[in-house]
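Protein chains get the first letters and strands the later ones, always in sequence-line order, with residue 1 at the start of each. In what follows, every heavy atom counts, from backbone to side chain, and hydrogens, waters and symmetry copies are set aside.
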There are 2 protein chains.
Amino acid sequence: MAQKPSIPKGTRDFSPEEVAKRNYIFETIQSEFKRFGFQPIETPSFENSSTLMGKYGDEGDRLIFKILNSGDFLKKADKNALAENDSNKLTSSISEKALRYDLTVPFARYVVQHQNEIEFPFKRYQIQPVWRADRPQKGRFREFFQCDADVVGSKSLWQEVEFVQLYDAVFSKLQLNGVTIKINNRKVLSGFAEVIGEQDKLIDFTVALDKLDKIGEEGVKKEMREKSISEEALDKIQPIFNLKGDFAKKIEVLKRILEGSEIGQRGIEELQFIQNAIEAMPLKTAKLDLDVTLARGLNYYTGAIYEVAAPDKVKMGSIGGGGRYDDLTGIFGLKNMSGIGISFGLDRIYLVIEELDLFPKTVTENTKVLFINFGESEALYAMKAVSALRREGIVAELYPDSAKMGKQMKYADKREIPYTVLAGEEEMNNEKFTLKYMKSGDQLSLNLEELVKKLEMI
Amino acid sequence: MAQKPSIPKGTRDFSPEEVAKRNYIFETIQSEFKRFGFQPIETPSFENSSTLMGKYGDEGDRLIFKILNSGDFLKKADKNALAENDSNKLTSSISEKALRYDLTVPFARYVVQHQNEIEFPFKRYQIQPVWRADRPQKGRFREFFQCDADVVGSKSLWQEVEFVQLYDAVFSKLQLNGVTIKINNRKVLSGFAEVIGEQDKLIDFTVALDKLDKIGEEGVKKEMREKSISEEALDKIQPIFNLKGDFAKKIEVLKRILEGSEIGQRGIEELQFIQNAIEAMPLKTAKLDLDVTLARGLNYYTGAIYEVAAPDKVKMGSIGGGGRYDDLTGIFGLKNMSGIGISFGLDRIYLVIEELDLFPKTVTENTKVLFINFGESEALYAMKAVSALRREGIVAELYPDSAKMGKQMKYADKREIPYTVLAGEEEMNNEKFTLKYMKSGDQLSLNLEELVKKLEMI
């Protein structure tokens with residue numbers, strides 16, 4: 001019986017046009033990664049569950065797709081869990097593998113496993129899909145690609161600088177001018193918590209501050225008060241609610257607020273180093289901005305924190321982000337490996353480029369010329385020309401069947417193939433081809449050599 | 001506690017060098033697919049289980065990786081299956097999704113689901129990983145890429161011709177000269193069975209014949225006898241055991257054997273059509289050969305059957321295969337959609353190219369020049385030059401830390417970076433850079449413009 005075909009929710013089919021557009025973005029990112037000296041690695045789609053579980057918090061663990069053991073999996077099943085009807089407890093006894101949840105943990109695993117083959121500092125990039133059992137919604141999928149570049153094995157701030165340049169290079173190449181690269185530093189956030197005497201509330205404090213954009217100053221303060229942050233503390237950090245002006249101005253304000261915090265001062269120095277370098281080597285089209293409310297992934301970032309905002313005229317969440325994490329590989333037993341990395345949000349970048357109509361027209365071009373099929377001997381005559389054109393790199397096709405002319409023309413039309421070639425008995429006798437420009441209907445009679453030349457030019 | 005990191009058996013990590021080599025093969029195949037007018041699609045890594053199950057036989061069903069339902073999956077579990085401890089029966093109630101097993105069934109699903117958006121004949125290519133819970137062994141993995149090109153919606157034999165040309169184009173481009181494209185036709189095999197009066201034993205017959213290479217004529221005959229194929233039948237087909245000579249000669253022998261079989265004659269006509277076309281449009285480097293023992297995937301092939309053998313000097317199984325299947329989409333409710341397609345075996349092609357040392361040296365080239373880091377102000381001076389070089393497309397890096405010179409040089413050496421640039425105080429004062437060729441130790445003193453030009457040339 002025939003099934004009505006469908007795909008799992010949160011997943012997508014990609015049409016030829018969509019694949020072409022996505023590949024354009026992938027290839028642009030990849031070519032900049034390479035130009036900056038990053039090297040590609042790839043890791044398996046599924047890892048041992050023990051590699052992934054416990055690395056993303058409880059919520060993350062729940063969102064990891066688990067693969068059922070093959071064969072008679074009930075043999076090894078936890079009998080107690082079965083008796084108690086406890087799905088959660090049962091899982092590890094019937095599933096030993098799980099789909100990759102991000103590229104960072106597999107990268108850490110890779111570095112530790114292959115540490116003797118790697119020259120450090122190791123600059124790697126990785127462009128592969130990840131899977132999350134998240135509730136699907138607009139712009140959020142259960143399968144999506146991540147595009148990551150990371151360096152491990154050095155604490156040099158030149159890497160912080162280089163990632164700003166890399167973002168600028170990629171978005172400039174994509175003609176996505178006017179993105180804002182927002183930067184912050186975990187040490188500055190720690191400094192705030194220290195200055196207001198609430199070190200133990202660092203997370204509550206930054207989580208609230210991170211919402212400034214959405215809920216405004218009063219909303220943030222309300223949430224801070226709910227977390228028992230004192231009025232005195234709020235007074236002390238008041239200036240950060242309306243940090244204005246350029247990078248240098250903001251740094252001046254921060255210096256005053258963080259006067260009493262050593263860690264805060266170090267954070268400021270790091271930010272200033274980056275800013276100085278970028279000033280000395282101006283960005284092409286992006287803007288660097290200091291945003292002290294930025295706290296993404298605070299749990300593991302230890303220094304720089306990045307986030308990229310689309311150009312102002314587009315409403316879209318962040319299209320990239322990253323930061324420095326001082327102990328990437330510790331979970332797998334390799335200590336003192338500082339890492340820093342950034343990620344590009346492919347799906348959102350796609351939407352922004354689409355909205356701004358910035359995909360080059362050439363990206364979705366496909367077949368340039370369709371040869372109309374008039375029957376067996378004409379088709380052979382045509383196929384010889386098709387082969388000659390392909391040798392010159394021109395995408396040419398023969399309509400496979402000698403269907404009615406109208407049907408073949410309609411096919412060329414629907415597929416947006418700009419040229420057709422008609423070669424019937426008369427053309428064959430004269431060793432000619434009739435080239436037709438579909439849009440205007442103009443026709444030219446050409447021999448093979450002329451046909452190749454013509455199609456190479458147009 | 002630190003875990004000793006490892007990956008699931010049958011899966012692989014790919015190092016930068018391996019990724020570069022694999023991408024070279026992928027990109028070559030992809031560019032030929034495009035040149036022949038094939039368009040890319042992509043489908044999700046996992047499908048609804050109902051899409052995949054029952055499509056690959058019982059053995060296939062067992063080898064499909066199933067994904068455990070998220071959340072409290074025991075809630076919907078089949079209580080009887082649990083009581084009976086029946087893993088097989090339980091599976092469908094706790095797993096609704098499964099990893100793609102090949103690209104053909106998802107493609108069929110795609111065609112049916114998107115039939116109203118597609119112009120037929122539809123030429124699509126797809127390069128994505130598939131997963132099989134096979135026992136891992138040398139050259140057989142649980143995750144591997146398939147590279148498929150198919151056409152659906154036409155029965156034209158020009159497609160059979162085109163796929164021969166496509167194989168030739170790809171392997172020629174890869175400089176893998178001298179592959180043999182073996183071709184057969186299901187109708188010829190049916191003809192044999194008809195002529196010997198054993199239509200009902202077609203599968204037994206062809207499965208045995210397929211082993212001629214491995215077990216020889218006597219072995220094949222022994223197996224056929226065990227399947228109750230008569231001595232008289234074996235006598236009739238005796239000539240196929242030592243088919244010799246070129247394509248045309250073999251066709252002559254087949255014509256005699258299959259004189260009494262209409263379907264057999266049709267198979268011969270199809271083979272002859274392909275041979276005639278290829279004779280009129282000679283292949284670049286591949287050889288087309290008729291191999292009547294070829295039976296791969298007989299269950300679904302209905303016309304042409306292809307298999308590609310590596311050049312004689314390399315011992316390797318087939319590096320590609322495919323065929324025509326007259327009812328690709330019927331399982332999903334769309335009838336009368338003839339399809340034909342071929343596949344490239346990436347992993348084996350990789351091994352063959354490696355063995356013959358045919359990877360172009362440029363494939364694994366990475367960073368061209370490393371700037372030695374002498375401290376903060378020198379590093380900024382260097383980074384400006386690095387940025388200028390990158391703008392010209394030259395892959396340049398700054399060593400991130402001002403480590404000891406020897407360490408930095410060793411790093412360049414190990415990463416096989418051919419050039420280093422030394423720019424200390426003296427160079428800065430003179431606005432110069434010292435370019436060093438690592439292999440010879442030769443040095444040149446250049447200004448920025450000269451440096452860019454020099455590195456562009458070499």
Side-chain angles (χ1 to χ4, degrees), chain A residues 2-3 5 7-8 11 13-16 19 34-35 37 39-48 50 65-68 70 72-74 85 87 95 97 109-110 112-113 119 121 133 143 154 156 158-159 277 280-281 332-333 366-367 379-380 383-384 387 390 395 397-398 400-401 411 414-415, chain B residues 2-3 5 7-8 11 13-16 19 34-35 37 39-46 48 50 65-68 70 72-74 85 87 95 97 109-110 112-113 119 121 129 133 143 154 156 158-159 277 280-281 332-333 366-367 379-380 383-384 387 390 395 397-398 400-401 411 414-415:
Chain A
Q3 305 163 301
I7 52 176
T11 68
D13 281 331
F14 295 108
S15 70
V19 174
K34 279 187 190 169
R35 196 190 299 253
Q39 299 184 289
I41 68 160
E42 290 182 8
T43 63
S45 295
F46 47 74
E47 296 269 352
N48 293 320
S50 56
F65 278 113
K66 286 96 183 170
I67 294 173
L68 192 59
S70 300
D72 188 7
F73 58 86
L74 280 174
N85 225 16
S87 297
S95 160
K97 293 181 287 291
R109 194 264 310 143
Y110 180 98
V112 177
Q113 192 173 331
E119 292 309 312
E143 173 175 44
S154 162
S156 164
W158 286 108
Q159 291 163 346
M281 296 176 285
F332 299 114
N366 54 72
T367 298
L380 178 58
M383 268 306 277
K384 286 182 182 174
S387 301
R390 286 177 181 161
V395 183
E397 283 183 70
L398 166 71
D401 303 284
Y411 176 81
K414 289 233 169 151
R415 281 204 40 209
Chain B
Q3 304 161 302
I7 53 176
T11 68
D13 280 331
F14 295 109
S15 70
V19 174
K34 280 187 188 168
R35 194 190 299 254
Q39 299 184 288
I41 69 161
E42 289 181 8
T43 62
S45 295
F46 48 73
N48 292 319
S50 56
F65 279 113
K66 286 97 185 170
I67 294 173
L68 193 58
S70 299
D72 188 7
F73 58 86
L74 280 174
N85 223 16
S87 296
S95 160
K97 292 182 287 291
R109 194 265 312 142
Y110 180 97
V112 177
Q113 192 172 332
E119 293 308 312
E143 173 175 45
S154 161
S156 164
W158 286 108
Q159 291 163 345
M281 296 177 287
F332 298 114
N366 54 71
T367 298
L380 178 59
M383 268 307 276
K384 286 182 182 175
S387 301
R390 285 177 182 162
V395 183
E397 285 182 68
L398 166 71
D401 303 285
Y411 177 80
K414 287 233 169 154
R415 279 203 43 210

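Within the 4.5 Å cutoff, the side chain of I7(A) has heavy atoms near those of the R109(B) side chain. In this structure, the side chains of S15(A) and I41(B) stay at 4.5 Å or more apart for every pair of heavy atoms. M281(B) is listed as a side-chain neighbour of L380(A), based on a closest heavy-atom distance under 4.5 Å.
Of the listed residues (I67(B), N85(B), T367(B), L74(B)), the one with the most heavy-atom contacts under 4.5 Å to chain A is L74(B). Counting heavy-atom pairs closer than 4.5 Å to chain A, the top residue among P129(B), A277(B), A280(B) is A280(B). Counting heavy-atom pairs closer than 4.5 Å to chain A, the top residue among Q39(B), R35(B), K414(B), K34(B) is R35(B). Of the listed residues (T11(A), D401(A), D13(A)), the greatest number of heavy-atom pairs within a distance under 4.5 Å of chain B belongs to D13(A). Most heavy-atom pairs under 4.5 Å with chain B, from the set D72(A), T43(A), L398(A): that is D72(A). For the set E119(A), R415(A), R390(A), E397(A), the entry with the most heavy-atom pairs within less than 4.5 Å of chain B is R390(A).
Nearest approach of S156(A) to P400(B), heavy atoms of both residues: OG-O, 2.7 Å. The minimum heavy-atom distance linking Y411(B) with P121(A) is given by the pair OH-O, 2.7 Å. For the residue pair Y110(B) and F14(A), the shortest heavy atom distance occurs at OH-O, 3.9 Å.
Heavy-atom distances place the side chain of K97(A), and not its backbone, under 4.5 Å from chain B. Contact of N366(A) with chain B is made through the side chain alone, with heavy-atom distances under 4.5 Å. Proximity to chain B involves both the backbone and the side chain of Q113(A), based on heavy atoms less than 4.5 angstrom apart. Proximity to chain A is limited to the side chain of S387(B), based on heavy atoms less than 4.5 angstrom apart. Looking at E143(B), the atoms closer than 4.5 Å to chain A (heavy atoms on both sides) all sit in the side chain, from C-beta outward. Of the atoms belonging to S70(A), it is side-chain heavy atoms, and not backbone ones, that fall under 4.5 Å from chain B. Of the two parts of S87(A), the backbone and the side chain both hold a non-hydrogen atom closer than 4.5 Å to a non-hydrogen atom of chain B.
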